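Source: prediction; values computed, not measured. In what follows, every heavy atom counts, from backbone to side chain, and hydrogens, waters and symmetry copies are set aside.
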Amino acid sequence: MRLALAAGRRNLGRTWPNPSVGAVVVAGGPGAERIVGLAATEIGGRPHAETLALAMAGEAARGATLYVTLEPCSHQGRTPPCTDAIVRAGIARVVSAVGDPDPRVSGRGHALLEAAGIAVETGLLAQEAARDHLGHITRVTKGRPALWLKLARTRDGFAAGAPGERLRITGPLADGRVHLWRAHADAILIGVGTARADNPALTVRLPGLEPRSPLRIVLDSELRLSPASTLARTAHDVPTLVLTTRRAPVHARRALAALGVEVEIVATAPDGRVDLPAALAHLGERGLTRLCSEGGPCLAEALAGADLVDRCTLITGPGTLAEPGLPAVGPALAARLAGFHVCDDETLGPDRAATYERAS
């Protein structure tokens, strides 16, 4: 099952709207086991991992055990149900890490396998699998992508100093890890304030992983993103989406659209800004499952206030600001994190990255 999880993780961020599942086919009895099939859900969400692993195994799948990180699908979509393929292949036993909450599956996949005489076991490494499939589970149960918030701060807790000044907080190891997280995200989210202040590219710049740059999303209620920004100028190369409101000027929409930027109108919050729950619901409808927020503390505080944060990584650098600045963690986020638990804590050179996730 650990091998199946590792296989599925390879394509995280590349299979939406489908989950990135891993599957392993093991033939032979005790002491003579051998792996005859190994696969992950393909880029774009199909073919599914189970059918690919079974195809690799061929006749060796008959009487074998299939380890899969998520309950096999049992509904007809663009491809036939995986349960049908498992039965046809002659698999004797299926071990699933977690069930699929999708109402089209939700226990039905396992029931169909058992009805066909296949032994079914569930719950092996369930916590790890639930973490890997959090995006899919959140989209199915809450109608939005899972949101991973990333913030950098100085040792004394600040994300920025004087207005207009760039504050370098983290080192190359931490920066590289952020790029790896990007490569496994469906999309990166920032606010227009960060876009205007930092002019980021929001691409993956690790050697060999550049093609894995995800969709870039900017929240911009009045459409203030400049056509001269890096995001706008590179929109034909890396997909870029701006979520705005009806307050956005028509000429600004046309100027960005001409550069390849996709502009969509969502609901307006009482304060005149993009309504965050509505925005994430809209992204869920588009099929997004894994959203990484790299905006500043203001956006983080708004997301926390709307209870939209599922995981949060705080990267603490070794330096201090030693003067008044912008705190990285505001009161709303601090309150949320108090109810989260630490699931990862690692040292990245001089930096420390602590990741918190919802307790349930």
Side chains of I190 and P200 in contact at under 4.5 Å (non-hydrogen atoms)
yes

Candidate list L202, V204, I188, test side chain to side chain contact (heavy atoms under 4.5 Å, CB included), partner S213, passing option:
V204

Is R93 salt-bridged to E121, cutoff N-O under 4.0 Å?
yes

Just by modelled atom types, is the W148 backbone N or O under 3.5 Å from a matching donor or acceptor in the D310 side chain?
no

Electrostatic pair R139:D102 at N-O distance under 4.0 angstrom:
no

Quick one: do R62 and E59 make a salt bridge, cutoff under 4.0 Å?
yes

Do the side chains of W181 and L5 join up, straight or via other hydrophobic residues, at under 4.5 Å, putting them in one cluster?
no

Give a yes or no on whether the backbone of L134 and the side-chain of T138 come within a donor-acceptor separation of less than 3.5 Å.
yes

Are V192 and L219 side-chain neighbours, meaning at least one heavy-atom pair lies under 4.5 Å?
no

Side-chain contact test, heavy atoms from C-beta onward, threshold under 4.5 Å: evaluate it for V342 versus T355 and give yes or no.
no

For the atom pair CG (L38) and OH (Y67), what is the distance rounded to the nearest 0.5 Å?
13.5 Å

Please report the interatomic distance CG(L288) to CD1(I217), rounded to the nearest 0.5 Å.
5.5 Å

Sidechain-backbone polar pair: E71 side chain, G107 backbone, donor-acceptor under 3.5 Å:
yes

Is D220 salt-bridged to R273, cutoff N-O under 4.0 Å?
no

Between R14 and E42, is there a side-chain N and carboxylate O pair less than 4.0 Å apart?
no

Using a strict 4.0 Å threshold on nitrogen-to-oxygen distance, state whether D351 and R153 make a salt bridge.
no

Are side-chain heavy atoms of T268 and S221 found at a separation under 4.5 Å?
no

Please examine the side chains of C73 and H48, heavy atoms only from C-beta on, and report whether any two atoms are closer than 4.5 Å.
yes

From the list V68, L70, V94, V25, side chain to side chain contact (heavy atoms under 4.5 Å, CB included) partner of E50 resolves to V68

Rounded to the nearest 0.5 angstrom, the CG-CG distance for L180 and D175 is 13.0 Å

Look only at the side chain of T245 and the backbone of R247, and say whether a donor-acceptor pair between them is shorter than 3.5 Å.
yes

Quick one: does any side-chain atom of R311 pair with a main-chain N or O of E357 as donor and acceptor, under 3.5 Å?
no

Treating R233 as the side-chain partner and A228 as the backbone partner, does any N or O pair qualify as donor plus acceptor under 3.5 Å?
yes

Are any side-chain N or O atoms of R352 and backbone N or O atoms of E346, one a donor and one an acceptor, separated by less than 3.5 Å?
no

pair L151-L149: side-chain heavy atoms closer than 4.5 Å:
yes

Without hydrogens or angle criteria, can the side chains of T41 and N18 be said to hold a donor-acceptor pair below 3.5 Å?
no

Find out whether D100 and H136 are in side-chain contact, i.e. whether some heavy atom of one side chain is under 4.5 Å from a heavy atom of the other.
yes

